[in-house]
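The structure displayed is predicted, hence computed values, not measured ones. Sequence lines set the chain letters: A, B, ... in the order given, protein chains first and strands last, and positions in each chain run from 1.
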Amino acid sequence: MTGRLQAARAYLLLSPVIVTVILGLVGCLGLLAVSSFGTQHYLDFDFGFSWASYEQVFSSPGIQKLMLRSAWIAALVALLSVLLAFPVAYFVAFDVAGRRLFWLVILTLPSWISYLLRILSWKLILGYKGVVNSGLIGAGITDKPLEFLLYNPTSVAIALAHAWAPFAILPIYVSLQRMDRSLVQVAGDLGDGPFRSFCRVTLPLALPGVFAAFVLIFIPVFGDYVTPQLIGGPSGVMVGVFIAMQFGASNNVPLGGALAIATMLVATLIACLLVLGTKRLVRAFR
Amino acid sequence: MTDAFIDIRGLEKRFGAVRAVQPSDLRIGSGEFFSLLGPSGCGKTTLLRMIGGLEHPSGGKVFIDGSDVTRLPSYRRPTNMVFQSYAIFPHLTVGENIAYGLARKRLTPARRQAEVERMLALIRLPGFAERRPDQLSGGQLQRIALARALVLKPKVLLLDEPLAALDKKLRENMQIELRRLQREVGITFILVTHDQEEALTLSDRIAVMQEGRILQCSAPRELYERPISRAVAAFVGEMNFLPGRVTKANGTQVLVEVAGLGPLAVPPAACKLDAGDAITLALRPERLAIQPASADRPVFEVRESTYFGNRTLYQLASEHLAEPLSVFHANDLERADDVFEPGARVGLTADAAAAVILPDVAAGARDGGPASAT
Amino acid sequence: MKRLRKAYVLLYIFVLYLPIAFIVLFAFHDSVYVSFPWRGFTVKWFGQLFEAEGLIASLENSLIVAAITAVWTTATATLAALATARLEFPGKRAITLALLLPLALPTVVIGVSLLTVFSLLGVELSLGTVTLAHCLFCTPFAYGVMLSQFQGLGANLEQASMDLGEPPFRTFCRVTLPLAWPGILSSLMLTFTVSFDEFILAFFLSSNSPTLPVYMWSQMRFPDRLPLVLALATLVILFSITAVVGSQLLRRKGGRQATGSAA
């Protein structure tokens with residue numbers, strides 16, 4: 001089949017998804033970007049061209065603080081997830097020969113169970129009358145419920161780390177599993193002990209998966225809505241909640257749009273910087 | 001035009017900057033068993049797939065039985081292929097596999113059944129129609145792939161290393177089967193293989209390929225005894241390469257002085273030679289005979305021997321030669337002393353009439369060029 | 001070292017499932033409070049589910065949206081995966097990336113941008129808008145499953161079919177589809193589950209006809225309704241587990257069948 005015929009056939013087959021996903025996504029994000037340049041006066045929205053919303057986003061100290069907090073939580077969550085997941089991915093890739101699928105299913109199953117429910121469960125566990133508190137009181141360790149367990153950035157981070165941890169396993173596992181086992185054996189044959197061969201051979205080869213996992217977790221967590229809304233309280237608000245507010249009660253579509261676009265850009269930028277920075281570090285180590 | 005059944009003109013294939021197949025010409029006759037022989041990556045499979053329509057050529061044309069099929073996709077060409085992996089449909093029975101291509105031909109179920117059984121008899125697997133592929137061995141699957149292709153009575157059958165995955169004994173049996181089948185069915189077979197013994201055994205003609213080029217295209221005997229270049233000579237069978245100098249050349253004979261072997265009268269070469277020219281002589285190990293050492297013959301020392309049952313391969317070294325010579329010695333099983341130990345000193349005679357003059361190796365990359373079919 | 005790793009993994013799994021276990025546990029708790037001490041075992045909350053107002057309606061909504069989403073995304077993603085796995089065309093890398101992109105964006109952003117589009121176009125929010133959003137969101141899942149299915153299957157069998165005289169469409173029907181059905185089924189189950197469980201997009205885009213997760217969210221603010229929510233959650237968890245495990249088993253079967261014929 002000639003190149004042109006192939007391309008024509010391919011695009012014919014792709015047309016439905018192109019319409020749904022690509023046009024849909026491009027259209028929406030594009031429209032969002034366009035509306036972010038508009039102006040809104042209470043309930044009246046005008047398409048205009050004004051940088052006002054963006055100015056607000058980048059100059060308001062409140063928003064800056066929000067972005068910072070979101071970035072901090074997202075970075076923490078992504079880092080924790082990756083660190084905690086690495087030994088697990090290693091285990092599945094190297095320590096189990098036959099039952100890999102079994103372990104992978106067990107480990108990734110929770111990530112398929114409704115996100116909402118999993119965050120709800122944290123509310124139950126850490127709540128004022130929740131499992132931890134009632135357990136501690138019942139066991140006689142404290143006689144008043146602990147209030148700091150919920151409705152703060154820390155609880156948000158914990159819940160998020162728990163929810164997103166399984167997402168880090170798969171990318172790292174794929175990277176590790178692709179590795180040629182004999183490379184480690186060669187390193188050993190050439191004099192490296194298990195720890196050294198891990199640092200010099202396994203880890204560098206697994207890094208693409210690690211970075212992928214980091215970025216895959218960082219960006220969505222940065223803009224998460226459910227967790228801060230459910231268990232963040234006023235001090236645990238993250239950007240996602242604030243964006244949603246602009247399309248609801250606060251009624252400020254341009255601001256919401258500007259925030260959304262800014263969030264995506266900032267999140268991507270930070271993720272790339274962190275990845276590049278770590279790459280530099282690793283290279284310096286060699 | 002041409003009376004060749006399959007006529008390939010300037011067929012080439014490029015993958016980006018890489019030339020998998022250089023512009024090549026081939027003419028294959030009807031009913032011929034033709035082989036494409038070469039090492040892995042030489043382009044033989046790509047060439048085969050272009051003939052079958054599974055690969056789109058970057059240039060050139062393919063004619064089959066007079067018609068230009070270059071633009072036709074595989075499902076419209078009068079060719080059928082047996083894949084290296086057999087590609088038996090796992091979700092169909094043996095019978096359904098064989099009858100697969102018959103679906104378009106609107107046969108009555110009875111006719112279709114009869115055809116399937118005819119093929120099963122041909123490949124010597126009667127009664128297998130209801131079996132499922134996952135129960136069968138490699139050799140059986142290979143024959144079913146053959147039957148599936150042959151039932152459609154194609155004008156050309158293309159075989160892509162069909163025996164590569166089989167063990168040695170089974171492979172030898174299947175080679176005999178393939179030859180028998182081809183004779184019985186009478187259609188043109190084009191076989192791709194990297195096994196030169198297989199090519200020599202089965203084919204009417206062989207095209208040796210290397211790095212996308214056809215180096216030589218001849219009958220097996222001609223290929224073996226008269227290779228036209230060092231690359232071909234080295235690829236097919238064992239070969240000795242002897243540097244020599246021409247002392248006298250006329251139309252019928254060339255006298256060559258070979259260091260370590262003395263003067264040899266060899267058949268003339270394709271190119272013009274003058275006294276004093278440096279040439280390379282190619283001589284098969286079985287064209288050298290070991291003699292008892294004597295003063296009037298050049299003396300050689302046995303370095304190594306490899307036992308092959310009915311014959312032994314000896315490596316003989318001489319102070320005049322840089323490389324040791326390989327010599328095949330037919331073992332006389334009646335005599336216990338027909339063995340030469342390493343270190344033994346022997347003489348050698350050469351069957352000069354079987355020697356081939358090769359273009360001088362100093363020309364380097366000119367070994368083989370796009371050769372047209374002979 | 002290896003034993004240490006295994007112990008770690010088991011601990012990891014334990015912590016991973018602990019919150020879910022608590023949900024299931026307290027769904028059987030004979031008390032409105034999710035706290036110790038344990039006041040007895042009961043199944044009454046499950047019984048009360050059927051009388052809960054709006055529950056059945058939201059369940060129906062979820063089922064409808066999930067079913068439509070599953071069918072649409074699987075069908076379109078199958079075609080797209082076929083094109084990606086078998087054909088060469090300009091922009092291939094870009095398109096593959098773009099199709100997987102929705103997974104990397106914060107769902108909120110997708111939600112609000114769709115909201116903006118719909119409100120600007122004057123489209124009323126309804127189950128239809130939710131379905132559209134879900135089709136967008138679930139396509140990457142279906143695409144991933146079908147892509148790995150077709151890449152694993154290899155083009156050999158299809159080439160053999162075409163070599164034997166069957167043009168591309170008939171080859172698709174006689175060879176590709178029958179061998180790909182485990183992947184298709186797996187994709188259907190996966191996208192159904194994802195859509196069924198999806199909250200954020202449904203929350204933003206459904207207004208008067210909530211899906212089940214949105215319904216659960218609305219009930220969560222009532223402390224006395226909590227056990228009902230937990231009971232519902234338990235059922236949803238059970239369903240999700242079954243669907244995902246089934247989907248994975250099917251994928252495995254599809255992989256095994258494809259390699260059965262090669263030498």
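A donor atom on one side chain and an acceptor atom on the other are found under 3.5 Å apart for C/S187 and C/T74. A donor atom on one side chain and an acceptor atom on the other are not found under 3.5 Å apart for A/T202 and A/Y90.
Using a 4.5 Å cut-off between heavy atoms, A/A165 touches chain C through backbone and side chain atoms alike. Residue A/I169 touches chain C through its side chain alone, counting heavy-atom pairs closer than 4.5 Å. Neither the backbone nor the side chain of A/Y115 comes within less than 4.5 Å of any heavy atom in chain C. Looking at A/L117, the atoms closer than 4.5 Å to chain C (heavy atoms on both sides) sit in the backbone and in the side chain alike.
Among residues 129-137 of chain C, the residues having any heavy atom closer than 4.5 Å to a heavy atom of chain A are, in sequence order, C/C135, C/L136. For residues 196-204 of chain C, heavy-atom neighbours of chain A at less than 4.5 Å comprise C/D197, C/F199, C/I200, C/F203, C/F204, sorted by residue number.
Legend: side chain to side chain donor-acceptor pair (under 3.5 Å) pairs involving residues 24-34 of chain A, not counting sequence neighbours: none detected. Note on residues 3-27 of chain C: pairs passing side chain to side chain donor-acceptor pair (under 3.5 Å), not counting sequence neighbours, are A/D95-C/R5.
Taking C/V15, C/V236, C/T107, C/L4 one by one and counting their heavy-atom pairs under 4.5 Å with chain A, the maximum is reached by C/V15.
Ring-plane geometry between A/F222 and A/F218 is classed as tilted, the angle between the planes lying from 30 to 60 degrees on a 0 to 90 degree scale.
With A/T20 contributing its side chain and A/P16 its backbone, the two residues share a donor-acceptor pair below 3.5 Å.
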